[in-house]
Amino acid sequence: MRAAPTILHLDMDAFFAAAEQAAKPSLRGKPVVVGGLGPRGVVATASYEARRFGVHSAMPMGQARRLAPNAAYLVPRFAFYRSISEQVMELLGRLSPLVEPLSLDEAFVDLEAGDVAHDSASARAAGERLRADILATTGLTGSVGLAGSKMIAKIASEEAKPNGLVLIEPGTERELLGPRSVRILPGVGPATGEHLRRAGMTTVSDLAEAGEDELVRLLGRAHGASLYRMAQGYDDRPVVAERDAKSVSVEDTFDVDLHDRVRIRVEVERLADRCVGRLRASGHSGRTIVLKVRRYDFSTLTRSETLRGPTDDPGVVREAVGRLLEAVDTTGGVRLLGVGVSGLADYTQEDLFAQAGAEESATTASPATEAPVAASGDAEGTDGREEPSGPVERHWAPGRDVRHAVYGAGWVQGSGVGRVTVRFEEPGSAAPGRVRTFAVDDPELVEGEPLPLVG
């Protein structure tokens with residue numbers, strides 16, 4: 001525990017939804033919900049306007065639509081959010097070399113290590129400067145908590161929401177925590193909270209009064225001792241600048257259970273390609289390939305295979321998950337598929353068999369062939385079979401960026417029955433933009449790139 005509140009916790013306010021409102025002037029001040037839009041989708045983020053109707057993160061999207069039927073429902077644009085997050089993290093890096101990101105929109109900062117704060121006044125000044133810099137750079141707001149420990153700093157940022165700053169002076173932790181629910185402490189989830197409730201402990205002060213021995217008896221040595229210390233307000237966890245990734249994974253939940261074995265194989269290979277894309281973007285390779293299958297009855301199977309060396313070759317990963325899929329019974333249907341890579345390394349030891357196979361394909365390819373095609377398909381979404389000869393209707397997801405040859409930049413409000421409705425506006429627009437409707441295959445309408453929120 002520190003004698004000065006020099007640990008800062010930043011949490012951006014309703015990050016995904018706020019970014020969408022900033023990018024789309026017609027949505028400012030209105031309820032916005034971002035997440036999976038299918039029958040099995042869940043809410044990723046809800047704007048504060050939507051939260052007034054009871055919508056919150058992790059809620060089933062169907063329930064959110066019933067609570068807030070007039071809200072704007074948009075698919076996530078992760079590349080857009082990631083670009084904003086990079087701007088925010090750069091600002092944090094200017095404060096201190098010790099920045100511990102927890103997600104795209106949340107991080108701890110050790111202000112003392114950056115020599116920008118040594119007491120309450122300087123810490124508050126640093127926090128206010130950060131909030132102003134984030135608003136000027138991204139057009140978005142963030143809430144800041146300042147305290148002598150990570151646990152209390154995070155609690156402070158929650159109290160600061162939205163768009164505020166709360167500083168909790170060291171030495172006041174027990175007074176602050178005492179009347180709060182045990183769920184406020186790190187590591188106390190629904191199951192542990194219910195276990196403690198049955199033992200008559202619902203507040204943090206109840207834990208402190210129970211004593212360490214009683215908590216160890218209830219929860220075990222490590223968890224009980226740690227919880228007792230936190231109930232006393234003690235948290236000496238340092239801010240860690242680098243957090244080594246342990247795995248990289250992707251998964252998809254399907255609106256309708258998949259029964260076709262060929263379709264399941266295609267989806268698994270598509271996920272493998274996406275997973276490798278993330279793996280390469282993180283600068284890693286991995287040895288262990290993991291397949292996750294959730295069946296129609298919600299039973300979840302996980303299968304893994306460890307290669308002889310780390311790889312970031314999409315062909316190798318596709319082949320491995322294909323072998324794993326063969327050992328899984330998908331009778332009855334599949335509702336979720338996932339592919340992951342663990343055992344990460346910073347280097348790649350190529351799979352010699354796969355490399356030899358690729359070289360053989362290149363050698364035997366026709367001179368007119370521009371590039372060899374792998375047996376399992378070398379492009380995302382392909383499976384080596386012939387493409388359908390008829391036209392494929394383009395899908396325009398709500399919230400996606402588009403550009404029209406005549407009207408310029410806009411975003412999709414909705415689509416269906418062969419038509420797509422687009423609102424043409426930009427982040428800097430003073431008023432909501434105009435709406436136009438086009439055929440889904442209009443050649444003048446193409447996918448667009450997100451526009452910067454500021455400048």
Side-chain angles (χ1 to χ4, degrees), residues 1 7 9 11 35 40 42-46 51 54-61 63-64 67 100 102-103 105-106 108 145 147-161 166 168 170-240 243 246-247 249 251 253 290 292-295 297-302 335-336 338 340 342:
M1 298 293 294
I7 292 183
H9 181 259
D11 196 355
R40 294 173 178 168
V42 297
V43 175
T45 307
R51 294 181 190 185
V55 181
H56 58 77
S57 300
M59 172 182 285
M61 191 60 76
Q63 182 181 356
L67 292 172
E100 182 178 342
L102 304 179
S103 62
D105 63 335
E106 185 180 1
F108 286 110
S149 70
K150 292 168 72 172
M151 175 179 68
I152 304 299
K154 184 173 175 61
I155 292 172
S157 69
E158 284 295 321
E159 292 193 348
K161 284 186 168 295
V166 168
I168 297 176
T172 65
E173 292 87 359
R174 290 193 63 175
E175 181 182 353
L176 168 78
L177 292 172
R180 306 296 182 91
S181 166
V182 295
R183 291 290 303 278
I184 201 172
L185 299 179
V188 181
T192 302
E194 176 60 20
H195 189 52
L196 292 170
R197 187 194 67 79
R198 290 198 301 268
M201 304 176 200
T202 58
T203 66
V204 176
S205 61
D206 292 336
L207 301 181
E209 292 170 5
E212 183 174 356
D213 291 343
E214 178 63 11
L215 293 179
V216 167
R217 186 186 68 81
L218 286 171
L219 304 174
R221 170 60 58 186
H223 195 186
S226 172
L227 199 58
Y228 179 71
R229 284 180 57 81
M230 287 189 291
Q232 301 287 325
Y234 295 117
D235 177 22
D236 56 1
R237 293 174 299 162
V239 176
V240 181
R243 307 182 101 201
K246 296 181 179 180
S247 65
S249 64
E251 62 182 42
T253 300
V290 181
K292 177 181 177 181
V293 179
R294 180 165 297 151
R295 299 188 291 190
D297 59 356
F298 287 88
S299 61
T300 302
L301 303 176
T302 303
R335 61 184 291 118
L336 176 147
S342 60

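The side-chain heavy atoms of Val43 and His56, taken from C-beta on, include no pair separated by under 4.5 Å. For the pair Val42 and Met61, the minimum side-chain heavy-atom distance is 4.5 Å or more. With contacts defined as side-chain heavy-atom distances shorter than 4.5 Å, the pair Val166/Glu158 does not qualify.
The distance from atom CG of Asp235 to atom NZ of Lys154, rounded to the nearest 0.5 Å, is 12.0 Å. Separating the CG atom in Leu67 from the CE atom in Met59 is a distance of 5.0 Å, to the nearest 0.5 Å. With values rounded to the nearest 0.5 angstrom, Phe108 atom CZ is found 7.5 Å from Ser157 atom OG. Here the CD-CD distance, from Glu214 to Glu209, works out to 12.5 Å after rounding to the nearest 0.5 Å. The CG atom of Leu218 lies 10.0 Å from the CZ atom of Arg198; values are rounded to the nearest 0.5 Å. In this structure, CG in Leu215 is found 7.0 Å from CG in Leu196, a value given to the nearest 0.5 Å.
A donor-acceptor pair shorter than 3.5 Å can be found between the side chains of His9 and Glu106. Judged by distance alone, the side chains of Arg197 and Thr202 never bring a donor and an acceptor atom under 3.5 Å apart. When only modelled atom types and interatomic distance are considered, Ser247 and Ser249 share no side-chain donor-acceptor pair under 3.5 Å.
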Legend entry - Steps toward side chain to side chain donor-acceptor pair (under 3.5 Å) verdict (Thr253, Arg40): CA-CA 7 Å; Thr253 300; Arg40 294 173 178 168; over 6 Å; no
Inset, instruction - Evaluate the criterion side chain to side chain contact (heavy atoms under 4.5 Å, CB included) for residue pair Leu336 and Val293; output intermediate values, then yes/no. - result: CA-CA 6 Å; Leu336 176 147; Val293 179; over 6 Å; no
Inset, instruction - Take Asp206 and Val182 through the test side chain to side chain contact (heavy atoms under 4.5 Å, CB included) and record every step on the way to the result. - result: CA-CA 9 Å; Asp206 292 336; Val182 295; 5.8 Å; no
Legend entry - Derivation and outcome, side chain to side chain contact (heavy atoms under 4.5 Å, CB included), residues Thr302 and Arg294: CA-CA 9 Å; Thr302 303; Arg294 180 165 297 151; over 6 Å; no
Inset, instruction - May I have the step-by-step check of side chain to side chain contact (heavy atoms under 4.5 Å, CB included) for Leu176 and Glu173, ending in yes or no? - result: CA-CA 5 Å; Leu176 168 78; Glu173 292 87 359; 5.7 Å; no
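Checked by atom type and distance alone, the side chain of Lys292 never pairs as donor or acceptor with a backbone atom of Thr300 at under 3.5 Å. For Glu100 (side chain) and Val239 (main-chain N/O), no donor-acceptor pair under 3.5 Å exists by modelled atom type. Side-chain atoms of Arg183 do not come within 3.5 Å of backbone N or O of Gly193 as any donor-acceptor pair. A donor-acceptor pair under 3.5 Å is absent between the side-chain atoms of Ser181 and the main chain of Thr203, judged by distance alone.
Judged as a side-chain hydrogen bond (donor to acceptor under 3.5 Å, both in side chains), the pairs with a partner in residues 225-234 (not counting sequence neighbours) are, in order, Arg174-Gln232, Tyr228-Gln232.
Between Ala64 and Val55, the shortest heavy-atom contact is CB-CG1, 3.9 Å. When all heavy atoms of Gly338 and Glu251 are compared, the pair lying nearest together is CA-CB, 3.7 Å. Across Ala153 and Ala147, no two heavy atoms sit closer than the pair N-CB, 3.5 Å. Residue Ala210 comes nearest to Met201 through the heavy atom pair CB-CE, 3.5 Å, listed as atom of the first residue, atom of the second, then distance. Closest heavy-atom contact between Gly224 and Leu219: N-CB, 4.0 Å. Shortest non-hydrogen contact noted between Ala156 and Ile168 is CB-CD1, 3.7 Å.
Scanning for side-chain contact (heavy atoms from CB on, under 4.5 Å) contacts around Ile184 gives Ile155, Leu177, Arg180, Val204, with sequence neighbours left out.
Dense packing is recorded around CD of Glu159, with more than 12 heavy atoms of other residues, nucleotides or ligands lying under 6.0 Å away. No more than 12 heavy atoms of other residues, nucleotides or ligands shown are found within 6.0 angstrom of CZ on Arg221.
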